[in-house]
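Let me begin by presenting the structure, written as structure tokens, before commenting on it.
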Amino acid sequence: MKNFVSKMLWPLFILLLFVFCGCANDNDDNNGSQTTTAKIGDYFPITENTKYVYEGMGNEYASYTVYNDYTEADKLQQRLNNGGTETVNIIQIFEGKLIKVFAESEIYYRENFLVKQDNDTEILLMEPLQKGNSWTLTDGRVRSITDTEASVSTPLGDYKAVEVTTESGNGKNIDYYAKDVGLVKSIFKEGETEISSSLAQIEKDVPLIQNINFYYPNINDEKIYYKNVAVNFYTNDVTREKLAQAYKGEPVANTGKVFSENTQINSLYLNDDGMVYLDLNKAFLQEMNAGAGYEAMILQSIANTFGQYYNAEKVILTIEGKPYESGHIALQEGEYLQVNYDNVIEGS
């Protein structure tokens with residue numbers, strides 16, 4: 001952070017930021033008391049292929065975007081990008097509660113985390129959706145519904161919202177949830193300091209776009225070239241399939257293709273040991289026409305492409321679950337390819 005206030009207050013604020021989706025502004029209640037028929041799902045619509053843009057004030061990281069990576073029944077994986085980091089949150093509706101069951105920052109790759117769950121879960125909203133409903137979080141903070149017809153203005157429009165206030169010794173956070181929309185505004189206050197994030201735009205039927213470097217060998221000058229490709233991911237797209245498809249595209253000029261037409265990625269993930277595990281089908285070997293030197297460059301291109309995507313230094317490459325072995329190169333069980341950007345040139 002650029003100043004002392006940012007360093008002290010932003011970690012508290014970012015923990016409470018996540019987005020809920022939708023497109024309407026509607027409320028049928030009177031006198032600030034929501035009826036008991038209102039459900040969490042009314043204020044947490046799970047949508048797909050939608051991007052939410054929030055405009056921030058009071059902190060350089062208060063502006064952020066959210067995209068829904070994966071959905072499953074009453075569970076949602078959201079990707080929050082505030083320009084400084086990307087955070088994955090898993091939100092679940094369970095027994096009348098809206099719960100953040102998992103959160104992790106510095107996740108720049110796309111992977112399905114819906115099965116993950118932290119020991120320290122956080123209840124974001126709880127039925128009944130009535131003023132005065134209150135609960136204590138595991139860290140001692142007290143969260144309560146303080147209004148059900150709060151008037152909220154955002155760059156996108158005006159809403160009547162459920163107001164949820166979280167009190168702690170380090171200030172107060174107020175979140176506003178509008179029916180059929182979700183989170184429309186968050187405010188953090190401590191003394192004279194106020195940081196806010198307000199809904200500014202909802203983009204529907206759009207993908208998450210990731211700019212990914214793909215590497216290709218040039219046997220003539222014995223160098224590896226790369227080009228940056230914009231890959232579109234819609235909600236619930238399978239990452240390995242999208243990356244395989246992109247790698248079959250037109251390579252850099254004067255370089256050779258890495259993935260043949262029938263090459264498929266059987267599995268792809270970042271393991272707990274910090275290494276990327278990539279398993280290809282037999283077509284990768286069967287359709288490769290390369291001598292030993294060129295094959296080594298192909299494998300280096302693969303290591304750089306997938307290692308960089310996952311921000312890892314080592315890639316375990318297997319074919320149909322067995323260690324990589326061709327007529328020229330054989331990898332032993334557990335032997336990895338080392339990411340290496342020496343002798344690499346940006347191509348076109």
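The figures that follow rest on heavy atoms only: side chains count, while hydrogens, waters and symmetry mates do not.
Counting only N and O atoms by type, the side chains of Thr85 and Glu106 include a donor and acceptor under 3.5 Å apart. No side-chain donor-acceptor contact under 3.5 Å links Thr165 and Ser144. Side-chain contact of Thr71 with Asn236: a donor-acceptor pair under 3.5 Å is present, judged by distance alone.
Within the 4.5 Å cutoff, side-chain heavy atoms of Glu111 are placed close to those of Tyr310. The side-chain heavy atoms of Asp42 and Tyr177, taken from C-beta on, include no pair separated by under 4.5 Å. Contact of the Val339 side chain with the Gln308 side chain is not registered, since no non-hydrogen atoms from C-beta on lie closer than 4.5 Å. The shortest side-chain heavy-atom distance between Ile224 and Asn343 does not fall under the 4.5 Å cut-off. When side chains are defined from C-beta on, Tyr215 does not count as touching Val258, because their heavy atoms never get closer than 4.5 Å. Inter-residue side-chain proximity for Glu48 and Asn68 is flagged as unmet; no heavy-atom pair is nearer than 4.5 Å.
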Side-chain donor-acceptor distances from residues 290-302 under 3.5 Å, at least two apart:
| unit_1 | atom_1 | unit_2 | atom_2 | d |
| --- | --- | --- | --- | --- |
| Glu295 | OE1 | Ser326 | OG | 3.2 |
| Glu295 | OE2 | Tyr324 | OH | 2.5 |
| Glu295 | OE2 | Ser326 | OG | 2.5 |
| Gln300 | NE2 | Asn304 | OD1 | 2.9 |
| Gln300 | NE2 | Gln338 | O | 3.0 |
| Ser301 | OG | Met297 | O | 2.9 |

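Annotation: the span from Ser260 atom OG to Leu280 atom CG amounts to 9.5 Å, rounded to 0.5 Å. Distance check, rounded to the nearest 0.5 Å: CG of Asp74 to CD1 of Ile46 gives 5.5 Å. Between Phe306 atom CZ and Ile212 atom CD1 the span is 9.0 Å, to the nearest 0.5 Å. Between Lys223 atom NZ and Ile345 atom CD1 the span is 5.0 Å, to the nearest 0.5 Å. Here Asp279 contributes atom CG and Lys322 contributes atom NZ; the two are 11.5 Å apart, rounded to the nearest 0.5 Å. With rounding to the nearest 0.5 angstrom, the CZ atom of Arg240 is 8.5 Å from the CD atom of Gln264.
Contact detail for Ser186 and Asp175: the closest heavy-atom pair is OG-OD1, 2.6 Å. The heavy-atom pair separating Glu320 from Lys282 by the smallest distance is OE2-N, 3.1 Å.
At least one donor-acceptor pair closer than 3.5 Å links the side chain of Asn49 to the backbone N or O of Thr235. Between the side chain of Ser197 and the backbone N or O of Ala62 there is at least one donor-acceptor pair closer than 3.5 Å. For the pair Thr154 (side chain) and Leu199 (backbone), a donor-acceptor distance under 3.5 Å is present.
A ring pair (Phe, Tyr, Trp, His ring centres under 6.0 Å) with Tyr247 is found for one member of Tyr216, Phe284, Tyr309 and no other, namely Tyr216.
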Applying side chain to side chain donor-acceptor pair (under 3.5 Å), run through Asp158 and Ser153 and close with a yes or a no.
-> CA-CA 4 Å; Asp158 298 331; Ser153 293; 2.9 Å; yes
CA sep, side-chain torsions, deciding dist, call: Glu122, Arg143, salt bridge (charged side-chain N to carboxylate O under 4.0 Å, His left out) | CA-CA 10 Å; Glu122 180 180 351; Arg143 182 166 290 163; 2.9 Å; yes
Give the C-alpha distance, both sets of side-chain angles, the deciding distance and a yes or no for side chain to side chain contact (heavy atoms under 4.5 Å, CB included) between Glu325 and Ile319.
-> CA-CA 8 Å; Glu325 183 176 1; Ile319 304 295; over 6 Å; no
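By the side chain to side chain donor-acceptor pair (under 3.5 Å) test, Tyr70 is found to be paired with Arg110, Thr239, residues two or more places apart in sequence or in another chain being considered. For Asp139, the salt bridge (Lys or Arg N to Asp or Glu O under 4.0 Å) criterion is met by Arg141, not counting sequence neighbours.
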